[in-house]
Amino acid sequence: MTRHVLLTGAGGFVGSHVLRHLMVNTDWTVAAPVTFRHKGVPKRIASALETNPEWWERVDVVYCDLSAPIDSVTAARFGKVDYLLNVASESHVDRSIEAPGPFIENNVRLMTNVLDYARHAQPEVVLQMSTDEVYGPAPDGYEHREWDPVLPSNPYSASKAAQEAVCFTYWRTYGVPVVITNTMNIVGEQQDPEKFAPKTMRALLRGEPATVHVSPEGRPGSRFYLHARNLADAWLWLLRNHTPQMYGEHDRPSRFHIVGEREVDNIEMVHLLARFMGIEDPKLDLVDFHSSRPGHDLRYGLDGSKLAKTGWVPPLGLEDSLRKTVEWTLRHPEWLGLTAAEVTA
């Protein structure tokens, strides 16, 4: 059945992968509100539609600043929305530490405006992208489960926890059919070079050491890295196979963890990226995260068994994800802020 989707953040890294995934795997139409003020890049949308011009008939890119309430004229432009997918958010720890107030205010204001629109538009599902970071650091050997205590460590993760709280109130008070997904660190093509994987690739291509945060004892942090297309695939699976839990029959909304294949410490991650780049013996710059990055968590971990029990299987494994990302990025070095000459030197 053809459905109509409101997808926020389509100009961002993750949102653009969700858009492509919907175009390839459904016949649905998409309204994409954008401003390109918060790390959004027009080329992320344009590159998909340029190579698949028939998709233009299914995608409506609408200028809309979600930090302000959605007016009635713009809401009419969106049309009747079946599914609302909220990806849009500021999403970088370092920038949140440098300027916490505007960062938190933007994410909470955005979330409130999206949900206020949803309570009137009444979509069948509101999918909210959240993060493993809301739970704070995971102890060794433990993966956080859905509805574990929320203990964010830095302004970014606090802003995402606040978004979850706002989601809960709109679910409880207004009956908005919210589904929250908590996701691991994401990698993929067209990612902003402020993030670890592309930042590491850029350093290695320049012959510079890759920065890795470690504990005061020298232990590297670890993550469960996940390709953006796996997140998109999990969301499409939930839209097709899960009915949101509603207040009255349940005491909390639906929540699922979307996890990576296996845990990788960040030194191993540098070596994996270097291997796919054809670089032997990459240089490392080990930095004590306690002094260099207050609010940094050494380890995150999520238990993904709940989603797995529904039958979802991630389409891309870790090494295939990294190989695919590296090969694409080496062909498109402008996404690292490099020239072709710098890549081939």
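The structure displayed is predicted, hence computed values, not measured ones.
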Determine which pairs satisfy salt bridge (charged side-chain N to carboxylate O under 4.0 Å, His left out) with at least one residue from residues 266-282, sequence neighbours left out, and list them in order.
R262-E268, R275-E319

Are a donor atom and an acceptor atom from the side chains of R255 and N182 found within less than 3.5 Å of each other?
yes

Which pair of non-hydrogen atoms, one from S222 and one from E263, has the smallest distance, and what is that distance?
OG-OE2, 2.5 Å

If the condition is ring pair (Phe, Tyr, Trp, His ring centres under 6.0 Å), which residues does H17 pass it with, not counting sequence neighbours?
F13, H227

Quick check: do M246 and P177 have side-chain heavy atoms less than 4.5 Å from each other?
yes

Partners meeting side-chain contact (heavy atoms from CB on, under 4.5 Å) with E124 (sequence neighbours left out)
R3, D82, Y83

Return each pair, listed once, that meets salt bridge (charged side-chain N to carboxylate O under 4.0 Å, His left out) where at least one residue sits in residues 135-163; pairs must be two or more places apart or across chains.
D140-R219, E143-R299, R145-D303

For residues R172 and Y247, is any side-chain donor paired with an opposing acceptor at under 3.5 Å?
yes

Is the shortest heavy-atom distance from the side chain of M129 to the side chain of V18 under 4.5 Å?
no

Is a donor from one side chain sitting under 3.5 angstrom from an acceptor on the other, for E90 and N107?
no

Mind checking what makes side chain to side chain donor-acceptor pair (under 3.5 Å) contact with D27, not counting sequence neighbours?
T2

Considering residues at least two apart in sequence or located in another chain, which fulfil the side chain to side chain donor-acceptor pair (under 3.5 Å) criterion with H120?
none

Residue set satisfying ring pair (Phe, Tyr, Trp, His ring centres under 6.0 Å) with F196, at least two apart, ordered chain then number -> none

Residue pairs passing the salt bridge (charged side-chain N to carboxylate O under 4.0 Å, His left out) test with at least one member in residues 199-208, sequence neighbours excluded, are none

Using the side chain to side chain donor-acceptor pair (under 3.5 Å) criterion, which residues pair with D60? Sequence neighbours excluded.
R77

Close side-chain approach of M111 and L115, heavy atoms under 4.5 Å
yes

Residues 232-241 vs side-chain hydrogen bond (donor to acceptor under 3.5 Å, both in side chains), sequence neighbours excluded, gives H21-D233, T181-W235, D233-W312, W237-T310

Is it true that, when you exclude E54 itself, more than 12 heavy atoms of the residues, nucleotides or ligands shown sit nearer than 6.0 Å to its CD?
yes

Who pairs with P209 by side-chain contact (heavy atoms from CB on, under 4.5 Å), at least two apart in sequence or on another chain?
K283, D285

Residues which pass side chain to side chain donor-acceptor pair (under 3.5 Å) with D116, listed by chain and number, not counting sequence neighbours
R119, Y170

Would you please say whether a donor-acceptor pair under 3.5 Å links the side chains of D65 and T35?
no

Is there a donor-acceptor contact under 3.5 Å from the side chain of D265 to the main chain of P220?
no

